[in-house]
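What follows is a short report on a single structure.
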Amino acid sequence: MEYTKQVTDTGDKQEMTLKQLILKLKEWFRYLRSKWIVIAGLALLGAVIGIFLSLKSKPRYVGELTFVMEDSKSGSALGSYASIASQMGVDLGGAGSSVGVFSGDNIMAFLTSRLMVEKALLADVTVNGKTTSLADLYIETYRMRREWKDEKLQHLSFSSHTDRKSWTLQQDSIMNGIYMMLTKINLKVDKPDKKLSFISVRCTSENEWFSKLFTEKLVKEATEFYVETKTQRSRASVNVLQSKADSLERLLNKMTYSAAVTRDLNQNPVRQVATVGSELVTRDKVMLQTVYAEVVKNLEMSKMSMAQETPIIQIVDVPMLPLKKERLGKLKGIVIGAFLGGFLSIFYLMLVRIYREIMA
């Protein structure tokens, strides 16, 4: 009996607590309903502020470029050729086991690196008949000179023709500020689909030309540097072998003329010793032909290796004028402003009531 009584008392307390909660919610609802004029007024004020901001906000232009990259790798047959060539002292650029400096998601981090962004910013472009750098166009777009108090900075400009090592401390500081703003606010590099190799580069700014040109220049600089780095060893081997092949070809041509001259001088020799010179020239020519054939074969194999290591980068979509605009629409501004105004007013009224109950 005592146990049953305790359970009943606990149930009554829980029931009373639930009733109190419901009554409290009703009390709060009646209180907020009595303040509907204040809530509606602040919501209307928020809507007015929202539509005002939508009218005053500048449009932001989105320049988006999509490309696909495929890292080609050498096959096993070419790898076996490379091992044979390496035994002969010829480097084919690491065919068969080449691992790129950049792979997978690293290319996306590479696109937002300081080196690539700075190269793109220093590129000269022509906008409305005026040649300028993208860095100067960015400074002009965001009116950064207004914040510079130093008179010398008012005439500061960036150009690809200026030696990077000769920059002043102010130029380094400004370029670093532009880089930080770009990578945090304007630039976005990602994969639309994680399963595919498509990479999207988006630049959003208040200047339509900057969004378009910066996106194109950034991808151009990054892909060229990427391909050059990937094929650096193979290209070096090709250049060395090409130089050797050209030298041997010139020497072989001279040897051929020498052999012909020697045979002409000894067409009807009285003594056999007269033919020794012709035989020596012919022997040297045959040896030179053999060496030349091996060098040319290795040169072609090295070119195959470089072709296998060269990544295939295909541009899929490019930014086309007019670019897509992003701005705060009137309806969106009204809805967001009204919601924030109403929410803040309710929050304020609840704080005031709680404070009064505590202080009472």
Side-chain angles (χ1 to χ4, degrees), residues 54 57-71 100 102-128 130-144 158 160 175 177-230 311-333 336:
S54 68
S57 64
K58 293 184 178 180
R60 303 175 78 237
Y61 299 92
V62 181
E64 183 173 8
L65 187 148
T66 305
F67 67 94
V68 61
M69 183 184 69
E70 178 184 353
D71 277 328
F102 311 103
S103 59
D105 294 338
N106 290 346
I107 188 64
M108 294 192 292
F110 181 64
L111 282 163
T112 58
S113 65
R114 173 73 179 263
L115 176 64
M116 291 299 102
V117 172
E118 190 172 297
K119 279 189 173 185
L121 286 172
L122 293 177
D124 290 332
V125 295
T126 302
V127 179
N128 298 326
K130 179 183 176 182
T131 301
T132 182
S133 67
L134 284 171
D136 290 340
L137 185 60
Y138 188 86
I139 292 171
E140 181 182 348
T141 299
Y142 288 94
R143 299 168 293 279
M144 296 176 65
F158 294 91
S160 59
M175 178 57 73
I178 295 175
Y179 168 74
M180 296 300 291
M181 288 178 61
L182 261 173
T183 53
K184 290 183 178 180
I185 301 174
N186 306 100
L187 182 62
K188 182 181 180 183
V189 181
D190 63 354
K191 281 187 175 182
D193 191 334
K194 302 298 181 183
K195 297 180 181 179
L196 302 178
S197 300
F198 288 90
I199 297 175
S200 171
V201 181
R202 288 166 53 98
C203 179
T204 306
S205 73
E206 295 179 2
N207 189 304
E208 187 174 21
W209 280 104
F210 180 85
S211 296
K212 171 182 168 59
L213 296 174
F214 177 77
T215 304
E216 294 174 343
K217 291 290 183 181
L218 177 63
V219 174
K220 179 177 179 293
E221 294 288 346
T223 53
E224 287 180 355
F225 188 86
Y226 174 69
V227 172
E228 182 180 355
T229 305
K230 282 273 290 185
I312 301 173
I313 299 176
Q314 181 63 48
I315 303 297
V316 179
D317 291 321
V318 296
M320 302 289 291
L321 296 177
L323 298 181
K324 175 185 174 182
K325 292 183 182 180
E326 286 185 353
R327 66 182 305 169
L328 181 63
K330 295 179 182 178
L331 180 60
K332 190 175 181 180
I336 294 176

Should we count NZ of K119 as having more than 12 external heavy atoms under 6.0 Å?
yes
Which residues satisfy the ring pair (Phe, Tyr, Trp, His ring centres under 6.0 Å) test with F214, sequence neighbours excluded?
F210
Applying ring pair (Phe, Tyr, Trp, His ring centres under 6.0 Å), name anything that partners Y142, two or more places apart in sequence or on another chain.
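Checked Y142 against ring pair (Phe, Tyr, Trp, His ring centres under 6.0 Å); matches are Y138.
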Approximate separation, where rounding is to 0.5 Å, of [X] [atom1] and [Y] [atom2]:
| X | Y | atom1 | atom2 | result |
| --- | --- | --- | --- | --- |
| K217 | K220 | NZ | NZ | 5.5 Å |
| L213 | L134 | CG | CG | 6.0 Å |
| D190 | R202 | CG | CZ | 8.0 Å |
| T204 | K188 | OG1 | NZ | 9.0 Å |
| M181 | N186 | CE | CG | 6.5 Å |
| L187 | L111 | CG | CG | 8.0 Å |

Can you find a heavy atom in the side chain of [X] that is under 4.5 Å from one in the side chain of [Y]?
| X | Y | answer |
| --- | --- | --- |
| L321 | W209 | yes |
| M116 | F110 | yes |
| T132 | E140 | no |
| K325 | Y61 | yes |
| L122 | M175 | yes |
| I185 | R60 | yes |
| I315 | T223 | no |
| F67 | V219 | yes |

Return the minimal non-hydrogen interatomic distance between [X] and [Y], and the atom names on each side.
| X | Y | value |
| --- | --- | --- |
| V117 | L182 | CG1-CD1, 4.0 Å |
| T215 | C203 | OG1-CB, 3.3 Å |
| V316 | F198 | CG2-CE2, 3.5 Å |
| S200 | E64 | OG-OE2, 2.7 Å |
| I178 | A135 | CD1-O, 4.3 Å |

Set out, in order, the CA-CA distance, both residues' side-chain angles and the distance that settles side chain to side chain contact (heavy atoms under 4.5 Å, CB included) for L323 and V62, then state yes or no.
CA-CA 6 Å; L323 298 181; V62 181; 5.8 Å; no
K212 with E208: basic N within carboxylate O range, under 4.0 Å:
no
